[in-house]
Each structure stands twice: as structure tokens, then as C-alpha cells.
Colleague: 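Got a structure for you, questions after.
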There are 2 protein chains.
Amino acid sequence: MSENETPPIPSRNRLRKAAVIEQAAICFMEKGYHATSVDDVARRLGCSKGRVYHYCPTKTDLFFEVHREGMRRLFEAIEPALRTPGSSLEVLRAMLVAHAGAMLRHHHFETVVAQGVQIHRFGATTPDQRATLSELIASRDTFENLFKKQIAAARDDGHLGDVDVSIAAKVALGGLQWSIYWYRPDADRGRNARDRLAVMMADIIIDGLRARG
Amino acid sequence: MSENETPPIPSRNRLRKAAVIEQAAICFMEKGYHATSVDDVARRLGCSKGRVYHYCPTKTDLFFEVHREGMRRLFEAIEPALRTPGSSLEVLRAMLVAHAGAMLRHHHFETVVAQGVQIHRFGATTPDQRATLSELIASRDTFENLFKKQIAAARDDGHLGDVDVSIAAKVALGGLQWSIYWYRPDADRGRNARDRLAVMMADIIIDGLRARG
DNA sequence: GTCTATATGGTGATAGAC
DNA sequence: GTCTATCACCATATAGAC
């Protein structure tokens, strides 16, 4: 959403490729990567699989593109929160709210991200694919580290209890990311409802279930 | 772990079938259901797939057995917590600790449970399989409802903040269940380490990240 | 760029020997 | 009960017409 994100004039090809990736994400979300055939993706695009292979050389690469786009959206979503003015706790809260919102908004992409790179540990054969795999794993770690650092900062500022940073980050992010299993985008109309839900989820992570006092 | 759980003398056949299901769970965990071939399961058992098919008529049924056993272990784990003497909050905490422990202890089964019944919505063809599918979905709901009820009780007793019960249950369980993505059983020796981890996870859910006071 | 064949390999499931 | 051999099918990927 920042001003220099959008490329000037996206070419027709880039748009077509983006459409392929988007529909592939929906297919992978619905049936899982392995159960999805390239024909399924083509059917959803209303074309034959020749076109799909024209834009993406292998099914594995198709998955990588979806995963990469999913991660890109996650980073993009929390970026404004990182610049939020306020205490380290307020920044952390803004990050969690933004992340929860992104998980709901980009449900299909993030479901595929969760399916994970693990499945492809043996499927990546070419050196090129292996490099992409490493890149995606690294981007996951980088993302989690942003939260670990912020949790550590907030703890050192005295805002948090004496939590283990690594475990806290995993439980906190897990609580938000588990929404891929229960959230149904079509049952939830409108941006407002989604934003309210994201705030409620983040509040539970920050404050816990227990009453204050 | 209760005294009337163990069948008197499990027959050799029951043991063999249990071994098939156990190894299938590990395969499904490692590669996912669809990417796992029946030959993979057989190879892990050190036999040919003839034996696998002897104990389980189809691959779909094999998945169902793993899922059913995974759910059985989850119910078994929290059952003692339900009888814990103490306040509704203490019962809730005991349930969360027990659930976290079960997720870590039965990592391979619970990873498969998470893969979900959703994938089989179109794979279940026979009426028998459809019935099993409904049963498994129902058992998931029943399990979540146990936590919802306890959260509602603790809230009505004034122990919790003014949380939405349904969302609180989903975020809380999700925070624990996400461990299927990061926990590595073999990197974590000993029962004590696991139990401590489970307590830490549950504490984060109950108390949240923020400091008390 | 997009399509329609088609080559190729692997997988679920079955039949029948032992 | 367990194995080997085999069938039928489906999916990835390619080749080549248009």
C-alpha cells in the first residue's frame, strides 16, 4: 500500500502470470498441493494447461511462486506497524494486529505458505529450485525474527512478563496463523468485520485469557 | 494411562494393525497424505504393500484410522484434567497443559489430524467412508467444545477477561497446535523437557505476553 | 501464446501363488 | 498372512499444429 510498491504499467504478461499464481493458490488451498493437478489450475483459469506451463515451467515452481507471494504479503502487512510511533509494546501490538489481518485477508496464499516448504525438500531437484527453497526458508526465519526482536525489546522495557522469547513468538504467531484452519473468507463479509476480528485475536495474544487485576 | 484402558491381551493382529497405523502416521507427517504412497508405508514397515492392504482396505481408510487414533489420544490426554479439583480457571489451565503435552508427545499423529478431513471431502466415496468422515468431524467439534465450555465457565466465574468464547478457544488451541510446524521430537530428549515446554506454552495462553500488574 | 495430442512414469488396488 | 506380478488409471511434462 506504500506509494512506490505498484510497478508503473504492469504488462499484460505480468497480469496473466499473476492470475495463474492467484488461481493456483486457491487450488492448493482447497485440495492441497499434491492433490491439485495442473489441469485443476487450468480449469479454474478457464484455459488448458498449455497456458499454465507457458507461464511456469514446473508445478514445483508454481508452488514456489505462490509461497513467495504469500511471504511478500506478510512482510508488506507488518511494515507500517514497524514504523508505528509508541512504546515497544504498542509496536508489538500493531505488528500482531497487522499480521492477524493479513492472515485473514490473504487466506488462500497463507494457507499454502503453511503447507510449507518441507514437502518440497525432496521434490526440488534442479540447483535453481534448491536455491529458491533456501530463499523461502530464510524468509520465514526473517519474518519470525522480526517478532522475536520486538518481543525481546518489549520485555527488556518491562512491558512483558518473563517469557522465553522464542517460545513466546512461536505460540503467539501460531495462535494467529491457526486461523487458516477455521477462518472462512466468504462467511465474513466486509473489511470492518475482518479488522475487528484481527484486533480481538491480537488482544488475546497480548493480554491472555485471564482477567487483569 | 488409566487402569481400564489397556485391553487384557492384545492379539497379535491388533498389534500388527497398530504398527501399520503408527508407521502410516509417520509417513503422512513427513510427506503429507497425497505424497505418501502405500509402498512408502510398507517400506517403513519392512514388508510389501500386500500386508498393508491386508489390514486396511484402502489408503483413505488408512488415513481415517490415523486420524481417529490421533483424536482418541487428544481426548485421553485431557480427561484427567477435567477431573482436576480446583477452580474453573485451574481446570482450564490443566486442560491446556495436558493438550500442549499431547500435541508434543503424539506429534506425528496430531500432524496428520491437522492435515484434516477437509482433503477427503471428495475422496470419501463409499457410504461407509462418508459416515467415518462425519464421525471424525464431529469428534473435532466435540473436542473444541470442551474448551469452549470451560472458558465460558471460567469467564462466568470472573477469572477471565471479557473474551469472545469461540474466538478465544480457537486462538488458544491454535497457539498450542501450531507446534506441529516447529516442534522436532528428536531434538528434544526426555519427558521432563517436554513437560516443561508444555507448561510454558499454556502459561503464555493463559497469562498472555503482557506483564501482570 | 494457446491449444491438442501424446510420451512417460508412478500409484492404488487386485489376483493368485505359497 | 504375506508375498510377487500385474492391471488400469491418472498426472506431469513435452512436441508440434495453429
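Naming convention: chains lettered A, B, ... in sequence-line order (proteins, then strands); numbering from 1 in each chain. Just the heavy atoms: all of them, side chains too, but no hydrogens, waters or symmetry mates, feed the values below.
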Colleague: Run the salt-bridge test on A:Arg72 and A:Glu69 with the 4.0 Å N-O cut-off and return the result as yes or no.
Modeller: yes
Colleague: Looking at D:dC3, D:dG1, C:dG1, which one has an atom nearest to any side-chain atom of A:Asn13?
Modeller: C:dG1
Colleague: Would you mind reading off the distance between B:His54 atom NE2 and C:dT14 atom P, rounded to a whole angstrom?
Modeller: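 So the two atoms are 14 Å apart, to the nearest Å.
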Colleague: Among the nucleotides C:dT4, C:dG1, D:dT2, which one has an atom lying closest to any side-chain atom of A:Ser48?
Modeller: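 The listed nucleotide nearest to A:Ser48's side chain is C:dT4.
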Colleague: Where the side chain of B:Lys59 meets the backbone of B:Tyr33, is there a donor-acceptor pair that is under 3.5 Å apart?
Modeller: yes
Colleague: Can a cation-pi geometry be assigned to A:Lys170 and A:Phe147, taking NZ or CZ under 6.0 Å from the six-membered ring centre and within 45° of the ring axis?
Modeller: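 No.
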Colleague: Does a side-chain N or O from A:Tyr55 land closer than 4.0 Å to OP1 or OP2 of C:dT2, or not?
Modeller: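 Checking A:Tyr55 against C:dT2: at least one side-chain N or O falls below 4.0 Å of OP1 or OP2.
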Colleague: May I have the distance from A:Leu15 (atom CG) to C:dG1 (atom C1'), rounded to whole angstrom?
Modeller: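 Atom-to-atom, A:Leu15 to C:dG1, this comes out as 16 Å.
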Colleague: Checking side-chain polar atoms at under 3.5 Å, does B:Arg194 have a donor or acceptor matched by the opposite partner on B:His107?
Modeller: no
Colleague: Would you mind checking if B:Arg105 and B:Glu110 are paired as a salt bridge, meaning a charged N to carboxylate O distance below 4.0 Å?
Modeller: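 Salt bridge absent between B:Glu110 and B:Arg105.
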Colleague: Starting at CG of A:Leu45 and ending at C1' of C:dC3, how long is that distance when rounded to a whole Å?
Modeller: 15 Å
Colleague: Tell me the interatomic distance from A:Arg51, atom CZ, to C:dA5, atom C1', rounded to whole angstroms.
Modeller: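 Going from CZ in A:Arg51 over to C1' in C:dA5 covers 19 Å.
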Colleague: Just grab all the ring pair (Phe, Tyr, Trp, His ring centres under 6.0 Å) pairs involving residues 38-58 of chain A, residues at least two apart or on different chains.
Modeller: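 Found none.
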Colleague: For every nucleotide of nucleotides 5-18 of chain D, 5' to 3': is a protein heavy atom under 4.0 Å from its base (B), only from its sugar-phosphate (S), or from neither (-)?
Modeller: ------SBBB----
